[in-house]
Amino acid sequence: MGAGCGQRDNGLNDAQMTAELLGWYDRHARTMPWRTGPAEKAAGVRPDPYRVWLSEVMLQQTTVAAVRRYHERFTALWPTVADLAAAEDADVMAEWAGLGYYARARNLLKCARAVVADHGGVFPDTHAGLIALPGIGPYTAAAIAAIAFDRPETVVDGNVERVMSRLFDIETPLPAAKPELTALAARLTPEARPGDHAQAVMDLGATICTPKSPACGICPLREPCLARQNGTQAQRPVKTPKKPRPHRRGYAYVGRRTDGAWLMETRPESGMLGGMLGFPGSDWSETPDPAAPAPAEWRIAGEATHGFTHFTLTLTVLTARLGPVNPERGHFVAAEAFSPGALPALMRKVHDVASAQPEIERATAAE
DNA sequence: AAGACGTGGAA
DNA sequence: TTTCCAAGTCT
């Protein structure tokens with residue numbers, strides 16, 4: 001055994017495992033809009049840092065399947081970081097609608113504008129330079145540095161944590177085990193092709209070493225994997241139990257003027273759905289204040305229920321035809337400019353409930 | 001430093 | 001149906 005083998009000896013040295021992983025990646029890498037094709041790769045062409053950055057931000061806590069279309073749409077609308085930096089906030093938020101975690105979109109714009117204003121429109125090529133930018137944390141900085149700039153950074157995301165916890169059969173629960181798992185991932189990070197290695201571990205975690213029912217039989221690391229040897233792969237990684245999420249209630253008001261315009265509200269930058277367009281409403285709590293945004297004969301259209309990460313929400317949806325009022329909250333969006341696609345998922349549900357009502361639907365039909 | 005912060009797909 | 005969770009960051 002070489003000097004690189006730590007106390008956790010699983011029968012293969014680090015370099016051998018890395019080689020297995022890279023070989024597997026060369027055969028099975030998935031095609032992604034932000035990855036270079038085989039021909040470019042063979043020619044040594046690096047992926048566009050802008051596209052890599054955009055993909056990494058979109059992929060934070062989000063599945064590849066969901067991100068693909070958004071990435072294609074964003075790069076079509078804004079091909080360079082300068083194009084994105086020059087975009088209107090509302091346009092970017094509308095395009096992000098449905099993807100969730102909207103602070104990412106706000107930071108995306110801040111980051112693009114910082115790259116243009118402070119870095120001449122060129123992304124920093126170091127971990128330190130990248131992590132200083134809005135919305136780029138330890139994971140994303142390492143990922144961009146490795147993938148776009150070929151830097152030997154240790155990239156640790158949920159996939160890497162899972163793969164390491166199984167490969168070395170770590171019993172320490174997450175998140176306490178994070179430093180230990182990071183150290184193990186660092187051991188396996190090669191000087192050559194660090195970007196491919198990072199993507200190889202993540203692809204492995206996403207397609208083979210999955211959270212449930214991992215496909216150990218076809219895993220390139222099935223031999224050295226300690227969890228598989230011990231039969232504990234289904235119990236790795238160990239996680240500290242999460243608290244049950246509470247239930248909150250609220251009211252949402254869907255009002256339309258006789259000309260078809262919708263009463264909408266741009267939500268505050270901080271807090272839930274920050275910066276997104278939505279229907280005005282109450283606070284979300286156990287005892288929400290039902291004060292209406294404008295005087296009208298509001299009637300209950302139904303309920304919309306939505307699950308968030310840390311609570312579930314049921315909104316009572318009220319609808320009304322609005323006269324020539326000056327609303328206390330919100331502003332009118334012309335019928336032609338209104339698009340449910342620009343709304344976060346919760347507000348789309350509210351829209352769907354409201355649209356079953358005549359005073360809302362009728363205005364639609366009158367357009 | 002623990003909690004806030006979305007969504008839709010899989011089991 | 002319900003639960004879990006996916007390439008994390010910010011405060």
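Just so you know, these numbers use all the heavy atoms, side chains as well, and skip hydrogens, waters and symmetry mates. By convention in this document, chain letters (A, B, ...) are assigned in the order of the sequence lines, proteins followed by strands, and residues within each chain are numbered from 1.
- Between C:dT9 and B:dG8, the distance separating the two P atoms is 22 Å to the nearest Å.
- Set against C:dA6, B:dG3, C:dC10, the side chain of A:N107 has C:dC10 as its closest nucleotide.
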Nucleotide by nucleotide, nucleotides 4-11 of chain B touches protein heavy atoms under 4.0 Å in the pattern (B base, S sugar-phosphate only, - none) SBBBS---
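- Heavy-atom distances under 4.0 Å link DNA chain B to no residue of residues 146-158 of chain A.
- No contact: A:R69 has no heavy atom under 4.0 Å from any strand.
- For the salt bridge (charged side-chain N to carboxylate O under 4.0 Å, His left out) condition, no pair includes a residue of residues 57-66 of chain A, sequence neighbours left out.
- Sorted by first and then second residue, the salt bridge (charged side-chain N to carboxylate O under 4.0 Å, His left out) pairs involving residues 346-358 of chain A (not counting sequence neighbours) form an empty list.
- A:H247 meets the side chain to side chain donor-acceptor pair (under 3.5 Å) test with A:T314; sequence neighbours excluded.
- Among residues two or more places apart in sequence or in another chain, the side chain to side chain donor-acceptor pair (under 3.5 Å) test is passed with A:D48 by none.
- One interatomic measurement links the two molecules: NE2 of A:H247 to C1' of C:dT3, which rounds to 16 Å at whole-angstrom precision.
- Identified under the salt bridge (charged side-chain N to carboxylate O under 4.0 Å, His left out) test for residues 51-67 of chain A, with sequence neighbours left out: none.
- Among the heavy atoms of the strands, none lies under 4.0 Å from A:M276.
- Scored by the side chain to side chain donor-acceptor pair (under 3.5 Å) test, A:R151 finds A:D125 as partners (sequence neighbours excluded).
- Near DNA chain C, meaning a heavy atom under 4.0 Å away, the residues from residues 130-138 of chain A are A:P134, A:G135, A:I136, A:G137, A:P138.
- Annotation: side-chain hydrogen bond (donor to acceptor under 3.5 Å, both in side chains) contacts involving residues 286-295 of chain A, sequence neighbours excluded, are absent.
- Here ring-ring contact (aromatic ring centres under 6.0 Å, His included) pairs that include residues 323-360 of chain A, with residues two or more places apart or in two chains, are A:W262-A:F338, A:W262-A:H351, A:F338-A:H351.
- Under the 4.0 Å criterion applied to side-chain N and carboxylate O atoms, A:E161 and A:K239 are not assigned as salt-bridge partners.
- Ion pair A:R256/A:E359 not flagged as a salt bridge, since none of the NZ, NE, NH1 or NH2 atoms sits closer than 4.0 Å to an Asp/Glu carboxylate oxygen.
- Residues that satisfy the side chain to side chain donor-acceptor pair (under 3.5 Å) test with A:R104, not counting sequence neighbours, are A:T62.
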